[in-house]
Each structure stands twice: as C-alpha cells, then as structure tokens.
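To start, the structure under review is shown below, and the notes come after it.
Everything numeric in this text was worked out from a predicted model, so none of it was measured.
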Amino acid sequence: QVQLVESGGGLVQAGGSLRLSCAGTGRTFSTYTMGWFRQPPGLEREFGASINWSGSSTKYEDSVKGRFTISRDNAKNTVYLQMNSLKSDDTAVYYCAASPLIIPTMADAAFHSWGQGTQVTVSS
C-alpha cells in the first residue's frame, strides 16, 4: 500500500478555482490508478475522478465533467485535481485514493489506500 497526503484545499468564491495535490510515498506509486473522492457535509462519500497509472485514461463523475481535470506526475509521486468554475455544491472534504486496478474506476471499494482529506469550501 501507499501513504497519501492531500493539500491545496481552502475557501474560494463560487466561480473560482483551486488545485488539489496528493503526494504519495513509495516506489510503486506510478503503478496505481489514482482517484479523487469527496464527501459533502452530511452526505455519503462520492466519486469525483480517477486516472490510470500512465495518465492516458481518465474517468469523471458527470457533475464535475468539463470543470475538473485530474492529472499526475509520477516523477513527483503526485496526483492533482484542477477544479474550475466551482459551485457551492462542490463544498466537501476531498480525498485521494490509490487502487491496484490498471484502469480508472468509480468504485471506492477498488481503492485500498486513502489520504486524510482536505476541506474545500465554496462560498456563494
């Protein structure tokens, strides 16, 4: 497994942008599919985006498609989530996670390592 630490959360106005980062430890980081999930206040955790080990394939939840971009830099053991045109509905704790699958997936059960989360608050 891999240890993950998210950063980059904060308070932003609606329509603004944030970039989240997730740094992983270990030489096997580049072999994992990585994902971003989020948990809005009082709600269940939900899928946001995922990216395969090479960055050649991505998957997005419909509500973020066209606004969020997931990317990775394996040389830095880091995955990113660029969030543009933020809405109040995007307010949540954002988690990154690692999966041994070779293709992007929306299923949180496929991810075995999770970060501690970073808070994103979008004010309207």
* Roughly how far apart are T33 OG1 and R72 CZ, rounded to 0.5 Å? -> 7.0 Å
* To do: Indicate yes or no for a side-chain donor-acceptor contact from S99 to the backbone of A110 under 3.5 Å, with no hydrogens or angles considered.
  => yes
* F47 and V64: CA distance, side-chain angles, deciding distance, side chain to side chain contact (heavy atoms under 4.5 Å, CB included) verdict -> CA-CA 10 Å; F47 170 75; V64 308; over 6 Å; no
* Enclosure of I102 CD1 (heavy-atom neighbours >12, cutoff 6.0 Å) -> no
* If you round to the nearest 0.5 Å, how far is CG of L20 from OG1 of T78? -> 12.5 Å
* Asked: At their closest point, which heavy atom of H112 faces which heavy atom of P100, and how far apart are they?
  -> CD2-CD, 3.2 Å
* Asked: E61 versus F68: any side-chain heavy-atom pair under 4.5 Å?
  -> no
* Side chain proximity check, S57 to I103, heavy atoms < 4.5 angstrom -> no
* Do you reckon M34 sits in the same ILVMFWY cluster as L18, going by side-chain contacts under 4.5 Å, direct or chained? -> yes
* Non-neighbouring partners of S54 that pass side chain to side chain contact (heavy atoms under 4.5 Å, CB included), sequence neighbours left out -> N52, S56
* With the side chain counted from C-beta on, respond yes when V120 and R38 share a heavy-atom pair under 4.5 Å apart, and no when they do not. => no
* Work out which heavy atom in S124 is nearest to a heavy atom in A14; give both atom names and the distance. => CA-CB, 4.2 Å
* Q116 backbone acceptor or donor facing E6 side chain under 3.5 Å -> yes
* **Under the side chain to side chain contact (heavy atoms under 4.5 Å, CB included) test, residues paired with A49 that sit two or more places apart** => Y60, I70, L81
* **Residue pair V12 / M83, side-chain heavy-atom distance below 4.5 Å** => no
* If you measure from OG on S21 to CG on L4, what distance do you get to the nearest 0.5 Å? -> 12.5 Å
* Got a donor-acceptor contact below 3.5 angstrom from the S113 side chain to the A98 backbone? -> no
* Asked: How many angstroms lie between atom CG of N77 and atom SG of C22, to the nearest 0.5 angstrom?
  -> 10.0 Å
* Taking the side chain as every heavy atom from C-beta outward, state whether M106 and S50 have any pair of such atoms under 4.5 Å apart. => no
* Structure fact -> Scanning both residues in full, the closest heavy-atom pair of S71 with I51 reads CA-CD1, 3.7 Å
* Determine the interplanar angle of the F37 and F111 rings, folded into 0 to 90°, and report it as parallel if under 30°, tilted if 30 to 60°, perpendicular if over 60°. => perpendicular
* Asked: Does a side-chain N-to-carboxylate-O contact under 4.0 Å join K65 and D62?
  -> yes
* To do: Give the minimum heavy-atom separation between N84 and S17, together with the two atoms involved.
  => OD1-OG, 2.9 Å
* Structure fact -> Sorted by chain and number, sequence neighbours left out, side chain to side chain contact (heavy atoms under 4.5 Å, CB included) with V93 holds for Y95, Q119
* Asked: Looking at CD of Q13 and OG of S123, how far apart are the two atoms once the value is rounded to the nearest 0.5 Å?
  -> 5.0 Å
* **Side chains of F29 and N74 in contact at under 4.5 Å (non-hydrogen atoms)** => yes
* Path from V2 to W36 over hydrophobic side-chain contacts below 4.5 Å -> yes
* **Q82, CD atom: more than 12 neighbouring heavy atoms under 6.0 Å** => yes
* Expected output: side-chain T121 to main-chain T91 donor-acceptor under 3.5 Å -> no
* Heavy atoms, side chains only, cut-off 4.5 Å: are T58 and P104 in contact? -> no
